[in-house]
*Asks:* 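Provided herewith is a single structure, encoded as structure tokens, for subsequent inquiry.
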Amino acid sequence: MKNSKEKGITLVALVTIIILLMILASMGTYAGKTAIQSAKFSQFKNELKVMQAKVDELNQNNKTEIGTKTLTQEQKNIITENVSNADDNFINGFRYCDSSYIKENFGLESINRDYLINVEYRYVISTEPVENNGNTYYMIYQMEDGIYNVQYNNKNPKTGDFDVNATKESNRWKIEISNINYSGYIKNWKVQYRISDDTNWKTSNGLSFYVIEEGSYYVQLVYDDIVLGPKSVIALSETEETEINENEM
């Protein structure tokens with residue numbers, strides 16, 4: 001009986017060890033995938049910076065006739081999905097340059113991806129996206145800190161308009177931006193907002209966000225040195241809004 005009991009304890013210990021090893025293995029696999037993804041993203045960002053610098057140089061020298069002029073429908077779709085207001089004239093300004101062409105004609109041996117390039121408007125779009133932390137990236141303008149490391153496209157106008165409104169939801173307000181009226185080629189606006197008595201701007205990750213403090217807010221859209229706004233919106237309870245409306249009457 002004693003030997004039987006010792007064997008039972010040994011079996012439980014063995015199963016426990018196996019389970020622990022499986023957990024450690026899965027953790028190691030996840031950490032490994034995360035590290036690989038992070039390294040791939042860093043390499044992609046550096047490659048985009050190199051490409052953007054080269055396109056800025058081509059723009060300064062007015063060298064627009066590069067690469068393959070005729071684009072496939074899939075390549076055109078990549079452009080329209082990543083740049084708002086992309087009309088035919090803008091799309092037709094793009095050229096397809098594969099990695100071999102870039103290495104041979106631009107002298108950039110570190111480039112391993114294929115790109116869609118618009119020299120006139122200084123746009124560089126990868127034909128193959130890279131994912132990082134749940135986000136998908138095609139160009140440097142989509143990266144939070146990437147836009148400030150390249151020369152801004154000075155053909156985009158600096159004026160435009162948008163609508164903003166606030167809606168009460170339980171104990172907070174949802175502020176939404178809509179009807180962006182802008183004639184340039186910008187997709188990823190940075191949204192900044194602040195309550196009227198605060199001097200520090202906060203940043204939203206999307207065109208809608210929540211605030212819990214009632215009051216008057218200023219909202220603006222930012223892209224490099226282009227600023228639309230600010231526009232004001234009031235986040236007040238229904239009672240206070242009614243009082244304001246009655247006083248105005």
*Asks:* Okay, side chain of Asp198, backbone of Arg194: is any donor-acceptor separation there less than 3.5 Å?
*Replies:* no

*Asks:* Under the 3.5 angstrom rule, does the side chain of Ser126 hit a backbone N or O of Pro129 as a donor-acceptor pair?
*Replies:* no

*Asks:* For Tyr217 and Ser196: C-alpha separation, side-chain torsions, deciding distance, then whether side chain to side chain contact (heavy atoms under 4.5 Å, CB included) applies.
*Replies:* CA-CA 5 Å; Tyr217 284 83; Ser196 59; over 6 Å; no

*Asks:* Do the charged groups of Lys63 and Glu65 touch, with an N to O distance under 4.0 Å?
*Replies:* no

*Asks:* I need the full list of ring-ring contact (aromatic ring centres under 6.0 Å, His included) pairs touching residues 38-78, with sequence neighbours left out, sorted by first then second residue.
*Replies:*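 Residue pairs passing ring-ring contact (aromatic ring centres under 6.0 Å, His included), neighbours aside: Phe41-Tyr137.
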
*Asks:* Are the side chain of Asn135 and the backbone N or O of Glu131 linked by a donor-acceptor pair below 3.5 Å?
*Replies:* no

*Asks:* May I ask you to test the Asn105-Ile66 pair for a side-chain heavy-atom distance under 4.5 Å?
*Replies:*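 Not touching, per the 4.5 Å side-chain cut-off.
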
*Asks:* Over all heavy atoms of both residues, which pair between Ser99 and Ile111 is shortest? Give the atoms and the distance, please.
*Replies:* CB-O, 3.8 Å

*Asks:* Would you check if Leu228 and Asn181 make a side-chain contact, meaning some heavy-atom pair closer than 4.5 Å?
*Replies:*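 Not in contact.
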
*Asks:* Looking only at atom types and distance, does a side-chain atom of Gln75 sit under 3.5 Å from a main-chain N or O of Thr72, one as donor and one as acceptor?
*Replies:* yes

*Asks:* Report yes or no: does Trp173 contribute a side-chain atom to a donor-acceptor pair with the main-chain N or O of Leu236 at less than 3.5 Å?
*Replies:* yes

*Asks:* Do Asp56 and Arg122 have side-chain heavy atoms sitting under 4.5 Å apart?
*Replies:*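 Asp56 reaches Arg122 side chain to side chain.
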
*Asks:* Please name the pair of heavy atoms, one in Ile226 and one in Pro157, separated by the smallest distance, quoted to 0.1 Å.
*Replies:*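 Minimum heavy-atom separation between Ile226 and Pro157: CD1-O, 3.6 Å.
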
*Asks:* If you take all heavy atoms of Pro230 and Tyr218, which pair is closest and at what distance?
*Replies:* CB-CB, 4.2 Å

*Asks:* Is there a side-chain contact between Asn85 and Asp87 in this structure, where contact means two heavy atoms from C-beta onward sitting under 4.5 Å apart?
*Replies:*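 Side-chain contact under 4.5 Å: no.
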
*Asks:* Passes side chain to side chain donor-acceptor pair (under 3.5 Å), Arg113 versus Gln43? Steps please.
*Replies:* CA-CA 11 Å; Arg113 292 177 176 80; Gln43 191 274 336; 2.8 Å; yes

*Asks:* Please report the closest heavy-atom contact between Ile177 and Ile180, naming both atoms and the distance.
*Replies:* CG2-CG1, 4.2 Å

*Asks:* Does some side-chain heavy atom of Lys202 sit less than 4.5 Å from a side-chain heavy atom of Gln192?
*Replies:*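 The answer is no; the side chains never approach within 4.5 Å.
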
*Asks:* Would you give the length of the straight line joining atom CZ of Arg172 to atom CD of Glu213, rounded to the nearest 0.5 angstrom?
*Replies:* 15.5 Å

*Asks:* Any idea how Tyr223 and Trp189 line up, ring-wise: parallel (<30°), tilted (30 to 60°), or perpendicular (>60°)?
*Replies:*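 Rings of Tyr223 and Trp189: perpendicular, as their planes differ by over 60°.
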
*Asks:* Check whether Thr68 reaches the backbone of Thr70 with its side chain - one donor and one acceptor, N or O, closer than 3.5 Å.
*Replies:* no

*Asks:* Quick one, Asn179 and Phe162 - any side-chain contact, counting heavy atoms below 4.5 Å?
*Replies:*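 Heavy-atom side-chain distance check fails, nothing below 4.5 Å.
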
*Asks:* Provide the closest heavy-atom pair for Tyr182 versus Thr159 in the form atom of the first, atom of the second, distance.
*Replies:*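 Here Tyr182 and Thr159 meet closest at CD1-O, 3.3 Å.
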
*Asks:* In the structure I gave you, are the side-chain heavy atoms of Lys190 and Thr203 within less than 4.5 Å of one another anywhere?
*Replies:* yes

*Asks:* Is a donor on one side and an acceptor on the other found under 3.5 Å between the side chain of Tyr115 and the backbone of Cys97?
*Replies:* no

*Asks:* What are the two closest heavy atoms between Met139 and Val124, and how far apart are they?
*Replies:* CB-O, 3.1 Å

*Asks:* Among the clusters formed by ILVMFWY side chains lying less than 4.5 Å apart, do Trp201 and Ile175 turn up in the same one?
*Replies:*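 Cluster IDs for Trp201 and Ile175 differ.
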
*Asks:* Are the side chain of Glu47 and the backbone of Asn112 linked by a donor-acceptor contact shorter than 3.5 Å?
*Replies:* yes

*Asks:* After noting the C-alpha distance and the side-chain angles of Tyr123 and Phe90, does the key distance pass the ring-ring contact (aromatic ring centres under 6.0 Å, His included) rule?
*Replies:* CA-CA 10 Å; Tyr123 269 85; Phe90 178 72; 5.5 Å; yes

*Asks:* Any side-chain heavy atom of Ile102 within less than 4.5 Å of one from Met51?
*Replies:*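 Yes. Closest side-chain heavy atoms under 4.5 Å.
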
*Asks:* Ignoring hydrogens and angles, tell me if any N or O in the side chain of Gln142 forms a donor-acceptor pair with the backbone of Tyr138 under 3.5 Å.
*Replies:*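 Answer holds: yes.
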
*Asks:* In sequence, state the C-alpha distance, the side-chain angles, and the governing distance for Glu120 and Asn59, and then conclude on side chain to side chain donor-acceptor pair (under 3.5 Å).
*Replies:* CA-CA 6 Å; Glu120 183 181 5; Asn59 176 275; over 6 Å; no

*Asks:* What verdict does the side chain to side chain donor-acceptor pair (under 3.5 Å) test give for Tyr210 and Glu169, after you've listed the backbone C-alpha separation in whole Å, the side-chain angles of each residue and the deciding distance to 0.1 Å?
*Replies:* CA-CA 9 Å; Tyr210 290 93; Glu169 293 186 4; 3.1 Å; yes

*Asks:* Let's go through Gln73 and Asn77 carefully: what are the C-alpha distance in whole Å and the side-chain angles of both, what is the deciding distance for side chain to side chain donor-acceptor pair (under 3.5 Å) to 0.1 Å, and is it a yes or a no?
*Replies:* CA-CA 6 Å; Gln73 187 58 50; Asn77 291 341; 3.0 Å; yes

*Asks:* Out of curiosity, Met143 CE to Lys45 NZ, how far, rounded to the nearest 0.5 Å?
*Replies:* 6.5 Å

